[in-house]
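Below is one structure, written out as structure tokens, with a few remarks after it.
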Amino acid sequence: MTDFLLITGPIRDLTFPPMALAQLKSISETAGFSCRTRDYNQKYFREQCNKNKDIFYDNTKIFGNILPIPYDEIASSSCGQWLTKQIIEDINEYNPKVVGVSSFSRYNNVSCVHLCRVIKENFPNIKVITGGYGLHNPLNYLDTFDKDLIVEPEVGELLKTNQFCDTYIIGDAEHKLVEWLRDHTVDYSGVGRRVIDSNWTETPYADFHDLDIHNYEYHKGLTLPMTGSKGCVRKCTFCDIPHNFGAFSFKKGRSIADEVIHLYETYGAKTIYFTDSLVNGSLRAFIDYVETLADLKQKKGYHDIKWTGQYIVRPSHQIPDPTNYYALLRDSGAEGLTIGVESGSNKVLADMKKKCTVDDIYTEINYFSDYDISCGLLLFPAFPTETREDFMETVNMMKNLQPYWCNGTINLVNFNVYYGNESYSEWGKKTEEDGMYSHPQDNALWWYRHNPDLDYKEMVFRRLVLNAIVKKLNIPTYHEFSHLTQIHNYFTTNIEKVKKFHADIKKH
Amino acid sequence: MLTLKNIESEIEKYAGKAELYQYKFQLDLTGSSCNGDPHMYIMINDQIFYDEKFTGHKSFIIDHALPKDIECSIIVGLKNKTANNTLIQNDRIVKDQFVRVDNLKINQISLKKNNLYFWDHSKFVKQDSKHIVSQTDGAYYSGEWMLTLPTPIFPYLSKYFNDKIKDYNVDKTSLDADKRAELLRVVYD
């Protein structure tokens, strides 16, 4: 008998194994509970799709919760049936007392609902716990999905109320999970509730041994995730990280560098992917980390270690000694750092409370170019206060940055679909009194009275202009097709709702 | 106002504003003297920007606009070099007059550092014989060293970099035509 079987389903990233499974396995086992982990997302990709991404995304798109599809149709799809078979087989094989289902993002939620439902229908005596930030999202298209479900505003609560799970944890589950495994009466669930545990840093190294780590779709050698910090030092107005993670907390730089070396020596990981919201939140700890890692790499001869993660642009005057700083960054193996640039307009950046300017972004990228450090940029059009003039400053930024994707400094530019109100962000809390009109069940549908020209036609226009620029300038990008497909699917499915929403506002 | 009739032309109009036609060329050259300083000139296509004798290291900067869909030839010429400007002892050149391109930057990025086109596609044409020497980094005889790029330069270099150097598979970037038409129809009709 196994104490704990921990699983996850589609749709998740295929480029590296899930951190939550490996981390919670090591924590559970250190606490004395036997644990097995299974990544059905990757297993389905490998076994049923022959590692063909087109087939995988085509077969799993019905799990994305971006289209109105009945649950029965999802459960009887080839992937739905395969998931049912897998979980029943694994439960029969491992005979777990508890099954945990991880939901990393909103795209993970439908498979989470399905797996929980199958477990409770077939093994009613097994306890089920779910967790992950995906669960704080609503389940869209509930009327079509299953009109008999008791409606709740978040997926976690919906699972619990409908008795598909016994409890759920959103937030720092490192120690709370163990508490619950010991005593099933403790409960950390609740709508809007986030478990913040500043002791999360005191955890053993993640254990990837159960996972099929050699069969992920790595870009550059075996890549494993690790976490050096949680939360963010910024409070950008569009982002819900401050709500979800609380105050910024981090491991010591030396300890992070040691863990990188451990992943390299134990699993042969060539690239470490930091799951942190930002790797350089504490500049002191960050410099300590890059200094230590650069030194360890040199001493041990581990020249092929690379690491990547999300990085914030700081005001350029905050970098204490740029020559030394960027050289250390390069020598530690920094590569492909993801920067949330968001906009090329200083006015919009200020409205977002990004605390940096367009010039700071140019300065940082120029240093990256000088020191051969690569990065990827994330932007999105149609922030609520973005006027057409502001948007054209983003266009101008693309014009100015184009030399840097010709020398590999910028190796990726991803434009997101466009702005959607995150419920727990500063903008997500705005009401009609503030001028923000939001559809109660659809966070992509909104209109801001103080920027009236930004309606759905203008949003789509700006996104299509960026798409035209991607093609015109040969910008290296990755999700362009899937983002455009999302826009196509959304409008072809919801156009009547969209038009009614805007017509109703006009009536006001 | 955005309508089904004007949406494509509006997209094209605004996307076109991201195109870059103004370039800043920086040529870092070394001039080596031997019985006189080298007399060099720098041209872009038919326009001469510098024509002077110099020795040592010097950067030459040219701000220049280039229209789209032409070829841009950056030329470093050496003129009036004679046999007197090369000193040979025991079949070895011990001193020579030449102009070497140490670096070529366009809008701050080096085409030499990352082998962006520099070695693969530069050439030297000897003045007298019109003989072509490939993969060279300067003018060591009377004649013209040149590097030719199509315009607009950066979209071309980006494609070249991703195809040939980085081997980066850019994901599919467009909706299929029927889906795009459907999206435009439901949103703008």
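Predicted, not measured: the structure shown is a model, and the values here were computed from it. Chain naming here is simple, since letters A, B, ... match the order of the sequence lines and numbering starts at 1 in each.
The distance from the CG atom of A/Asn411 to the CZ atom of B/Phe161 is 8.5 Å, given to the nearest 0.5 Å. To the nearest 0.5 Å, atom CG of residue B/Asp178 and atom NE2 of residue A/His488 are 7.5 Å apart. Here CG of B/Leu175 is found 8.0 Å from CG of A/Leu464. Values are rounded to the nearest 0.5 Å.
Heavy atoms closer than 4.5 Å to chain A are found in the side chain of B/Leu184, but not in its backbone. Proximity to chain B is absent for every atom of A/Met397, based on heavy atoms less than 4.5 angstrom apart. Contact annotation for A/Asn489: neither backbone nor side-chain heavy atoms come within less than 4.5 Å of a heavy atom of chain B. The contact between A/Ile487 and chain B is made by backbone and side chain atoms together, counting heavy-atom distances below 4.5 Å. Looking at A/Val470, the atoms closer than 4.5 Å to chain B (heavy atoms on both sides) all sit in the side chain, from C-beta outward. Using a 4.5 Å cut-off between heavy atoms, A/Asn467 touches chain B through its side chain atoms alone. Contact annotation for A/Arg462: neither backbone nor side-chain heavy atoms come within less than 4.5 Å of a heavy atom of chain B. For a residue to count as touching a neighbouring chain, one of its non-hydrogen atoms must lie under 4.5 Å from one of that chain's; by this rule A/Leu484 touches chain B with backbone and side chain alike. For A/Lys457, the parts lying under 4.5 angstrom from a heavy atom of chain B are both the backbone and the side chain.
The choice from A/Glu458, A/Lys471, A/His483 that makes the most heavy-atom pairs within less than 4.5 Å of chain B is A/Lys471. Top candidate by heavy-atom pairs under 4.5 Å with chain B, chosen from A/Lys472, A/His219, A/Met398, A/Lys499, is A/Lys472. Among A/Val498, A/Asp372, A/Thr409, the residue with the largest count of heavy-atom pairs under 4.5 Å with chain B is A/Asp372.
For a heavy-atom cut-off of 4.5 Å, chain A lies close to no residue in residues 42-66 of chain B. Applying a 4.5 Å heavy-atom cutoff, the residues of residues 3-28 of chain B that approach chain A are B/Ile7, B/Glu10, B/Ile11, B/Glu12, B/Tyr14, B/Ala15, B/Gly16, B/Lys17, B/Ala18, B/Glu19, B/Leu20.
More than 12 heavy atoms of other residues, nucleotides or ligands lie within 6.0 Å of NZ in A/Lys306, so this atom counts as buried by the packing criterion. In this structure, A/Lys497 places its NZ atom where more than 12 heavy-atom neighbours from other residues, nucleotides or ligands lie under 6.0 Å away.
B/Gln108 is listed as a side-chain neighbour of A/Tyr404, based on a closest heavy-atom distance under 4.5 Å. At a threshold of 4.5 Å between non-hydrogen side-chain atoms, the residues A/Tyr456 and B/Val187 count as touching. Contact of the B/Tyr188 side chain with the A/Val460 side chain is registered, since non-hydrogen atoms from C-beta on lie closer than 4.5 Å. Under the 4.5 Å side-chain criterion, counting only non-hydrogen atoms from C-beta, B/Lys179 is not in contact with A/Thr492.
Side-chain atoms of A/Asn407 never come within 3.5 Å of backbone atoms of B/Ser110 as a donor-acceptor pair (strictly under, hydrogens ignored).
Residues B/Ser174 and A/Phe481 approach most closely at O-CD1, 3.2 Å, considering heavy atoms. Here the closest non-hydrogen pair linking B/Ile109 and A/Cys406 is CD1-CB, 3.9 Å.
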